[in-house]
Amino acid sequence: MILHGDQRPGLRVLSVKTTERLRGVDALRGIAALGVVLYHAVGYRPHGQTGALWSWLAGPLWVGASFGYAGVFLFFVISGFCIHLQWARRRKTEDKPSIDFRSFWKRRFRRLYPPYLIALAIYLLVAGFTTKLQASAFYVWDITSHIFMLHNLDSRTVYSINGVFWTLAVEEQLYLAYFPLLFLRNRFGWRPTLIICLATRVIWLLFSVGARNAWGFDIPVTEAAASHWFTWALGALAVEAALGIVILPKWCSRTSLGVMALLSAVGLTYLLPVIESHEPLHSAGWLVLHPLWGSAFFFILNRLVIAEQRWRELIKTPMLVRTCASIGVFSYSLYLTHQLLLMESYRFTRLGLSETFVAVVILTPATIFFAWIFFAFCERPFLRPLSKATPPDNLLVPVGESYYFKVPLGKPSSLLNVNQVEPRQSG
C-alpha cells in the first residue's frame, strides 16, 4: 500500500498494491468503542462520597469519560467509509459501478444479525431472571421492534432493553439510505449531496416536533438515522478521497482543524444546557453539534489514512495504534455486550471499592475480555465468505469487522474534483 502525492492541490492519493488492513482506522474503531465503554462504566458508578484527593485525581478521567458518547459519531463516520469501500474500489476500474441491493443485504444480514440476535437473546434471558417481566402487548412490540431494528423510532423502546442498541438500528437504516446517497452523489456530486443530507437532519427535527404537537406521539430525534446521514456521508467521501476518486483540499486532513472542531464540539456541549430554556437557540445548537463531531472525526480519519503510509515505510506502527487496533477488530462484540457486565457493577461497590476504580480497573478490562470471548464464538464464525468463490465481505459496520483495500493494478486513478458533477450513473 503506497501513498503518493498528486501534482494538483489536494490530499495525497492512496494507491493500493497489496491486501492489507488499515491499522489507523482499526485503531479509531477501538478508541470509539473504549470511549463508549468508559462513558457507560463511569456513568454507571453510584455518586457516593469519595475523598477529596481521589476526586481531584479522578476528575480529568470523569470529564474525559463524559464525552465518550462521541464515539458513536466516530462509528458513523467509519461506517460510511467502510460501506462505501466496495463501490469506490470498483469506481477505480469501472465508469459506472453499481451495487446489487439483494446481495448487499444478504451480506449485511449474515454478517450483523446473528451476533446481534444472540446478544439480544442474552439480554432478554438475563432480564428474565433478574427482573419481574410481565407479558403484555407493549412487551411484544418492544421485542419485535428490536428484532426488526425499528426501536429507535419509538421513544418508549429506544433505550428499553439495551441503551446502545439504538445505534445499531440507525446503522441498518443508514444502509437503506446508502442507495439514495449513491444516486445523489452520482447525479449531483458531493457538495449538493452533503447539503441535502444536512437538510434531512433539519426536516426530521421539524417532523418530530410536528408529530408531537399534532398527534402526541414522541418520535426520537437524536436517535434517528436521518439525524446522522450527513455524518455517515462524510465517511463515504473520505474513502473516495483515500482512493483518489475525488480530490479534497489539503486542509481536510489537518490535525489542527480536527482538534479545533473537537474543542468546538466540547464547548457547544457545555453551552447547550445553559441555553435550554431558549428553544430556538437550543435547537440550532443541537443541529450543529452532531455534524460538528462528525466533521472533526472526518479530519482525523483523513489524517490517519495518510499517516498509514509513513508507518509502512518505517515498518513500524505506533504501539498505541497497534493496541487500539487490536481492540477495534472485535469492537462490534464489545459494543454489543459491554452493558451486560456494567449492569452487575453494583455488586463491586458493596465491597467498599471506589466507583471509579471499579469502572476503570475491573469493569473495563472485564468487558473487553468478555467481548473477546463473544467475538470468538458468536461473531467470528459469520465473518467467513458466503462461498469459496466469494471474497471476504469488505462492507463493514463501524464496530468490528475486517476490511481490506483491493484494487487491481495497472489502472490509473480517475481523479475528480469534489464539486464536479459526474455523468448520471446507476446506483
Side-chain angles (χ1 to χ4, degrees), residues 29 31-47 62 64-76 79 112-113 115-131 133 138-139 141-174 218-225 227-228 231 269 286 289-290 293 331-349 355 358-360 363-364 366-368 370-371 374 397-400:
R29 184 184 288 112
I31 291 171
L34 288 175
V36 172
V37 170
L38 282 174
Y39 174 72
H40 290 135
V42 175
Y44 269 63
R45 64 182 179 84
H47 298 281
W62 295 339
S66 69
F67 289 97
Y69 75 91
V72 170
F73 309 121
L74 177 53
F75 284 147
F76 291 149
S79 174
L112 302 178
Y113 258 90
Y116 169 73
L117 293 178
I118 293 171
L120 178 61
I122 293 174
Y123 274 91
L124 292 174
L125 185 63
V126 171
F129 280 101
T130 58
T131 62
L133 296 178
F138 173 75
Y139 183 68
W141 160 245
D142 195 8
I143 296 177
T144 302
S145 64
H146 274 79
I147 291 176
F148 290 97
M149 289 194 175
L150 299 173
H151 53 281
N152 67 318
L153 301 178
D154 187 341
S155 60
R156 301 170 301 169
T157 60
V158 64
Y159 294 110
S160 59
I161 295 177
N162 183 319
V164 302
F165 280 177
W166 69 269
T167 61
L168 304 180
V170 169
E171 281 292 329
E172 291 296 319
Q173 293 153 23
L174 286 174
D218 191 8
I219 300 177
V221 180
T222 301
E223 297 82 2
S227 297
H228 303 287
T231 301
T269 300
W286 175 85
L289 179 59
H290 296 171
W293 282 114
S331 55
Y332 183 42
S333 291
L334 180 58
Y335 200 79
L336 283 173
T337 62
H338 70 274
Q339 284 206 347
L340 275 174
L341 274 72
L342 298 183
M343 287 191 304
E344 302 299 317
S345 62
Y346 71 93
R347 301 182 186 275
F348 294 98
T349 60
E355 302 94 342
V358 170
V360 177
L363 289 178
T364 300
T367 58
I368 294 174
F370 182 77
F374 185 90
V397 292
V399 281

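All values below come from the heavy atoms of this structure, side chains included, with hydrogens, waters and symmetry mates left out.
With a 4.5 Å cut-off on side-chain heavy atoms, Phe374 and Ile122 count as touching. Between Leu174 and Ser79 there is no side-chain heavy-atom pair separated by less than 4.5 Å. The closest side-chain heavy-atom distance from Ser66 to Val42 is not below 4.5 Å. Taking the side chain as every heavy atom from C-beta outward, Phe76 and Val170 approach each other to under 4.5 Å. At a threshold of 4.5 Å between non-hydrogen side-chain atoms, the residues His151 and Ile161 do not count as touching. Side-chain contact check for Asp154 versus Val158: every heavy-atom pair is 4.5 Å or farther apart.
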Practice task
Kindly indicate, with the supporting measurements, whether the criterion side-chain contact (heavy atoms from CB on, under 4.5 Å) is fulfilled by Ser227 and Thr222.
Solution key: CA-CA 6 Å; Ser227 297; Thr222 301; over 6 Å; no
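In plain terms, the two heavy atoms of Ala169 and Asn152 that are nearest each other are CB-OD1, 3.5 Å. Of all non-hydrogen atoms in Val36 and Tyr335, the two that sit nearest each other are CG1-CE1, 3.8 Å. Across His338 and Thr367, no two heavy atoms sit closer than the pair O-CG2, 3.7 Å. Across all their heavy atoms, Pro220 and Asp218 have their closest contact at CD-O, 3.6 Å. The nearest pair of heavy atoms linking Val72 to Thr167 is CG1-CG2, 3.8 Å. Shortest non-hydrogen contact noted between Ala371 and Ser333 is O-CB, 3.4 Å.
A donor-acceptor pair is defined here as one N or O able to donate and one able to accept, closer than 3.5 Å; such a pair exists between the side chain of Tyr123 and the backbone of Leu340. Remark: the backbone N or O of Leu150 is not paired with any side-chain donor or acceptor of Ser145 at under 3.5 angstrom.
A side-chain donor-acceptor contact under 3.5 Å links Glu223 and Tyr159. Between the side chains of Tyr69 and Thr269, at least one donor N or O sits under 3.5 Å from an acceptor N or O. In this model, no donor atom of one side chain and acceptor atom of the other lie less than 3.5 Å apart for Thr157 and Trp166.
Met149 contributes atom CE, which lies 8.0 Å from atom CZ of Phe165 (distance to the nearest 0.5 angstrom). Here the straight-line distance linking atom CG of Asn162 with atom CD of Gln339 works out to 4.5 Å at 0.5 Å rounding. Here the NE2 atom belonging to His40 is positioned 14.0 Å from the CG atom belonging to Leu341, to the nearest 0.5 angstrom. Of the inter-residue distances, the one linking Ser331 atom OG with Ile31 atom CD1 reads 11.0 Å to the nearest 0.5 angstrom. With rounding to the nearest 0.5 angstrom, the CG atom of Leu34 is 8.0 Å from the OG1 atom of Thr364. Here the CZ atom belonging to Arg156 is positioned 5.5 Å from the CZ atom belonging to Phe138, to the nearest 0.5 angstrom.
Remark: of the listed residues Tyr113, Phe148, Tyr116, Tyr113 is the sole one forming a side chain to side chain contact (heavy atoms under 4.5 Å, CB included) with Glu172.
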